[in-house]
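Since the structure comes first, as structure tokens, the remarks are kept for the end.
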Amino acid sequence: MFGYVRPFRPELKCKDFDLYRATYCGLCRCLRRRYGLIAPMFLNFDFTFLALLLWEPEESFAPCRGRCHANPLRRLPMCQDSPALELAADESVILAWWKLRDSVEDEGFWSGMGARGLSGLLGPAYRKAARRRPEFDGTVRVCLEELSVLEKENCPSLDKTADTFARLLQSAAPGEGERGRVLSQLLYHLGRWIYLADARDDLEEDKLAGRYNPVSARYGSEGDDCALGLTMDQSLALIGAALQLGEFGCRRPLLENITYLGLPLVKKAVFDGSWKEIKKQKIWRNDT
Amino acid sequence: MRDPYNVLGVSQSASDDEVKKAYRELARKYHPDNYQNNPLADLAEEKMKEINEAYDAITKQRAGGYAGASSGGYSGYQRGYSATDPTYAQIRNLINAGDLGQAEQLLYGVGQKDGEWYFLSGSIAYRRGWLDEAMQNYSRAVQLEPNNLEYRQALSLMQRGTMGGYRPAGYGAGLDTMDCCTTMLCLNCLCGGGRC
């Protein structure tokens, strides 16, 4: 997960913005309570979306106040703990840890030092989370192994490589019942979309480093933004179709904003190269 | 049955026009065209049935209990298909039932690859979410049999990307006009500022 899934603020209503912020802060607090001081460092927009998505549908939400992790002198509105928030927190830790392990494997001994240090710090939290969600941890492990085999083979199929990450994210929601089916389909295509966006984002870098990149393996070293954009849009259309079939209560406007406005804008930024700038700058500001 | 007004999301006192408008919006949302070959198509169909029944119930009620005032709303999506090859017909049934593994196995058993073969292969890929492969197979099917309407429709549904499907009001595709700097500005001020 890489922070691609974010709302488009100018079109958010104030109450939806408050809800988003409260969920973000609530997830941060939940990570701190369950996993100590290190885990909140790995909080990001994607995990917030996951928490919003997994939440049982409610007609309205009432935030409580809690202390900010970054600045304990401030008290902020936060959403209350719930099973969905706990699930999102556990899964965040597992995903963050595996992503760090992945960077350690990819980088050399020296350049991988940072990631290795961080994954060492996150280790105890990860082991706790893996005990709580053994099934999810198992799926993530299997999918990432499959992915690394495909990468070594220089797999030319875009769908096959994206499928591994899509299935990984799909397993973040319990798949039973009507709601489970809707969430599964939504998360599958979200995973596919994220994987493709990330592959496009890494295109230049991978070319210079001589690494495998699914987009260049499929479309050639220059990529093909038109074809890639279309297949990403098709996934987006399926995300939207699934979203319309689920019950999300008061969180629906926020989820719709992210799906119909946030994701297309991020895609645009990734394609025209401005995404690198956006990533470099600190987006979450607490001081104003 | 749920209260028909609840289903359509309008109050009991809503005017006939408001009821009609709400019905039309929901029918547009759950229209079978938006869920063709979608693994969730059955859920959309159920919703469609529910809102059709609700609309019928309200119109009947308002017409003073007069029976037979059917709305003639959107009905289920039926695709006429006359199978020439029994294996292909069987594969179609398996795809519709969601048994993709079995369908694929049968398909690989077919020796000759014609337009129908590529179309079905594309349908299986689409159901799985392998959209790039689905596009390639549909294109090949259209190439082989350019006059087949079904193949062409499947391909053109994919070519429209996000432009065709349902979007709630207020989420039109208005982002294309934005230049690079505005994009950055908008994404950057997502969550900054504004104490809650």
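Numbers restart at 1 for each chain; the letters A, B, ... are given by sequence-line order, proteins then strands. Given the structure is predicted, the values throughout are model-derived calculations rather than measurements. What's counted below: heavy atoms across the whole structure, side chains too, no hydrogens, waters or symmetry copies.
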ask   = Got a second to check how far B:L131's CG is from A:Q234's CD, nearest 0.5 Å?
value = 5.5 Å
task = Please collect all ring-ring contact (aromatic ring centres under 6.0 Å, His included) contacts where either partner lies in residues 120-155 of chain B, sequence neighbours excluded, each pair once.
result = B:F119-B:Y138, B:F119-B:Y151
remark   = Of all heavy-atom pairs linking B:E46 and A:E178, the shortest is OE1-OE1, 3.9 Å
Contacting moiety of A:R181, where chain B heavy atoms sit under 4.5 Å = both
remark   = Residues B:R167 and A:Y260: closest non-hydrogen pair is NH1-O, 3.6 Å
task = Specify the closest pair of heavy atoms between B:G129 and A:H189, including all atoms of both residues, with the distance to one decimal.
result = CA-CE1, 3.5 Å
query = What part of A:A242 lies closer than 4.5 angstrom to a heavy atom of chain B: side chain, backbone, both or neither?
reply = both
inquiry  = Restricting to salt bridge (Lys or Arg N to Asp or Glu O under 4.0 Å), what partner residues turn up for A:E58, sequence neighbours left out?
reply    = A:R251
remark   = With B:M135 as partner, the option from A:L230, A:D159, A:T231 fulfilling side-chain contact (heavy atoms from CB on, under 4.5 Å) is A:L230
query = Between B:N38 and A:A241, which heavy-atom pair has the shortest distance, and what is it?
reply = ND2-CB, 4.1 Å
request  = Evaluate whether atom CD of A:Q80 has more than 12 neighbouring non-hydrogen atoms of other residues, nucleotides or ligands under 6.0 angstrom away.
outcome  = yes
inquiry  = What verdict does the salt bridge (charged side-chain N to carboxylate O under 4.0 Å, His left out) test give for B:D132 and A:K160, after you've listed the backbone C-alpha separation in whole Å, the side-chain angles of each residue and the deciding distance to 0.1 Å?
reply    = CA-CA 10 Å; B:D132 186 37; A:K160 213 168 167 181; over 6 Å; no
request  = For the residue pair B:Y171 and A:T259, establish whether any side-chain heavy-atom pair is separated by less than 4.5 Å.
outcome  = no
message = Side chains of A:L238 and B:Y35, heavy atoms from C-beta outward: is any pair under 4.5 Å?
response = no
Flag side-chain contact, heavy atom, 4.5 Å: B:K47 against A:Q244 = no
message = Under 4.5 Å from any heavy atom of chain B, what part of A:S235 do you find: side chain, backbone, both or neither?
response = both
